[in-house]
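Since the structure comes first, as structure tokens, the remarks are kept for the end.
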Amino acid sequence: MRRGVRFVVGAGLGIGALAVYLWYVGPEAVGSRVAAVAPWAVGVVCALMLAEATVDGLGVWASVRPLRDGLSPRASVQFAFAGDFFDVLSPAGPVSSEPIMAQFFGVATETSYSEALGVRGVAKYVKSAAQLLLSVAIVGVLFLDAPTPRFVLVTLAGAVVALFVVGAALIWARDALSAVVVAVLAPVVRVVSGLTRETPLGREAVADAVGRFWERVVHFRDAPELLGLIALSGVFEQLITSLALWVALAGTGTTVAFLPIVAVIPLPQAASVVPIPGSLGAYDVLLAGALSLTTGAPAAGAAAAVLVVRTFELLVSLGCGGVATGFLRGFRT
């Protein structure tokens with residue numbers, strides 16, 4: 001019975017979120033754009049979006065492996081779908097969804113919240129870095145002489161530099177950062193824990209949690225093969241999404257090169273800072289514009305391809321992800 005209730009709750013979450021998306025974009029707009037793409041291409045895009053979400057399970061499995069015995073392959077795929085669900089619903093995408101998912105990871109592996117947040121933070125960092133580096137390599141080698149791709153290269157290279165600078169700064173200043181985090185969180189934890197515990201958690205408990213977080217972050221120094229699997233998972237996702245866009249463009253009668261699509265996939269990730277669940281609108285516009293600039297595809301064809309891919313991406317994330325979320329345990333029994 002409990003599994004049945006979880007299924008109903010998860011399905012309700014997914015259907016409700018998908019309904020909000022359709023209301024925001026407009027059912028007529030989605031229908032007209034889907035109709036502009038050949039039926040065979042729509043079917044292939046749907047299958048590729050399911051494959052993209054499933055491939056993310058490899059990165060989940062590798063990232064959670066340091067936590068006791070980690071997760072089984074099946075559970076890793078389930079968590080991958082659930083992560084996509086929260087990526088869509090969270091205002092800042094993975095930045096705000098991972099703190100939510102860390103609670104589920106901690107319960108499933110019988111470890112602490114801070115440990116789960118540590119390994120998943122590393123996973124998101126490595127995944128983004130791998131995708132950006134692939135894009136920079138493609139643009140730099142194949143399209144450096146073209147004026148528009150030069151702008152794309154500068155943007156992507158700037159993102160890579162910023163990513164590595166921030167990562168290096170966090171590691172270098174982790175002692176000072178830890179002290180600040182403990183000072184800020186200790187009073188909050190004391191008040192919140194006092195609501196459910198006779199003896200509230202103090203500063204020592206917060207400091208211990210922060211210490212476990214950093215231990216998990218640096219754990220991957222002794223497990224480079226796990227970092228490699230996380231990076232590989234991110235690259236596979238990028239390639240599958242690019243293939244879905246290439247197929248959708250072909251379904252509109254537009255034939256373009258494949259590699260430029262791979263190169264621009266990470267560009268719209270900046271849209272995740274827009275405080276709108278799923279970055280609705282912002283992501284679509286940025287990606288369609290980038291496709292037109294780098295591939296020469298007509299603006300209408302690029303917009304139709306992006307909307308079709310995004311519709312099925314959100315359908316998988318919200319529908320399948322909502323059901324997967326309904327079967328997760330958020331609290332220890």
Side-chain angles (χ1 to χ4, degrees), residues 56-73 75-76 79-80 83 86-87 92-134 136 159-186 188-189 201-237 266 269 272 332:
D56 188 29
L58 174 62
V60 171
W61 180 89
S63 66
V64 185
R65 192 63 181 169
L67 302 180
R68 293 184 181 270
D69 295 326
L71 295 172
S72 67
S76 298
F79 271 84
F86 285 110
D87 283 350
V95 176
S96 53
S97 69
E98 280 307 324
I100 299 173
M101 287 299 299
Q103 177 64 24
F104 296 110
F105 281 114
V107 171
T109 59
E110 297 183 350
T111 53
S112 68
Y113 174 84
S114 58
E115 290 176 288
L117 186 60
V119 296
R120 289 302 297 164
V122 172
K124 289 297 184 182
Y125 182 90
V126 171
K127 177 179 174 180
S128 297
Q131 292 175 337
L132 285 170
L133 287 173
L134 176 61
V136 169
V160 171
V161 171
L163 195 66
F164 279 94
V165 167
V166 170
L170 287 174
I171 297 298
W172 177 74
R174 64 177 180 174
D175 290 338
L177 181 61
S178 297
V180 172
V181 171
V182 171
V184 172
L185 291 183
V188 177
V189 171
L201 297 175
R203 185 184 183 90
E204 296 77 12
V206 177
D208 180 63
V210 172
R212 289 198 301 270
F213 171 87
W214 286 114
E215 287 177 5
R216 291 301 182 181
V217 168
V218 301
H219 172 86
F220 287 98
R221 291 182 305 182
D222 300 323
E225 70 281 0
L226 295 179
L227 292 179
L229 287 175
I230 294 170
L232 190 64
S233 171
V235 169
F236 281 161
E237 287 185 64
Q269 290 180 353
S272 64
R332 290 175 172 83

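- The two residues Q131 and G234 come nearest to each other via the heavy atoms NE2-O, 2.9 Å.
- Residues F104 and F79 keep their aromatic ring centres 6.0 Å or farther apart.
- In this structure the side chain of F213 never reaches within 4.5 angstrom of the side chain of S112, judged on heavy atoms.
- Judged by distance alone, with hydrogens and angles left aside, the side-chain atoms of R216 form no donor-acceptor pair with the main-chain N or O of V122 at under 3.5 Å.
- Heavy atoms only, all atoms of each residue included: S63 and F220 are closest at O-CZ, 3.6 Å.
- Taken to the nearest 0.5 Å, the CG atom of L133 stands 5.0 Å off from the CZ atom of F164.
- Taking each heavy atom of S233 and G59 in turn, the nearest pair found is OG-N, 3.3 Å.
- Once rounded to the nearest 0.5 Å, the distance linking NZ of K124 with CZ of R120 reads 5.5 Å.
- Residues passing the salt bridge (Lys or Arg N to Asp or Glu O under 4.0 Å) test with R65, sequence neighbours excluded: none.
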| Are V119 and H219 close enough, and set up right, to give a side chain to side chain contact (heavy atoms under 4.5 Å, CB included), and what steps lead you there? | CA-CA 8 Å; V119 296; H219 172 86; over 6 Å; no
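- Across S178 and W214, no two heavy atoms sit closer than the pair OG-NE1, 2.7 Å.
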| message | Let's go through M101 and V60 carefully: what are the C-alpha distance in whole Å and the side-chain angles of both, what is the deciding distance for side chain to side chain contact (heavy atoms under 4.5 Å, CB included) to 0.1 Å, and is it a yes or a no? | response | CA-CA 11 Å; M101 287 299 299; V60 171; over 6 Å; no
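- Scanning for side chain to side chain contact (heavy atoms under 4.5 Å, CB included) contacts around A207 gives V182, with sequence neighbours left out.
- Here the closest non-hydrogen pair linking G106 and A116 is N-CB, 3.7 Å.
- Interatomic distance, L117 CG to R212 CZ, rounded to the nearest 0.5 Å: 12.0 Å.
- Expressed to the nearest 0.5 Å, how far CG of L58 lies from OG of S76 amounts to 9.0 Å.
- Looking at residues two or more places apart in sequence or on another chain, you find a side chain to side chain donor-acceptor pair (under 3.5 Å) between E237 and K127.
- Atom CD of E98 is separated from atom OH of Y125 by 16.0 Å, given to the nearest 0.5 angstrom.
- Counting all heavy atoms, side chain and backbone alike, P66 lies closest to A62 at CD-O, 3.8 Å.
- A distance of 6.5 Å separates CH2 in W61 from CG in L226, rounded to the nearest 0.5 Å.
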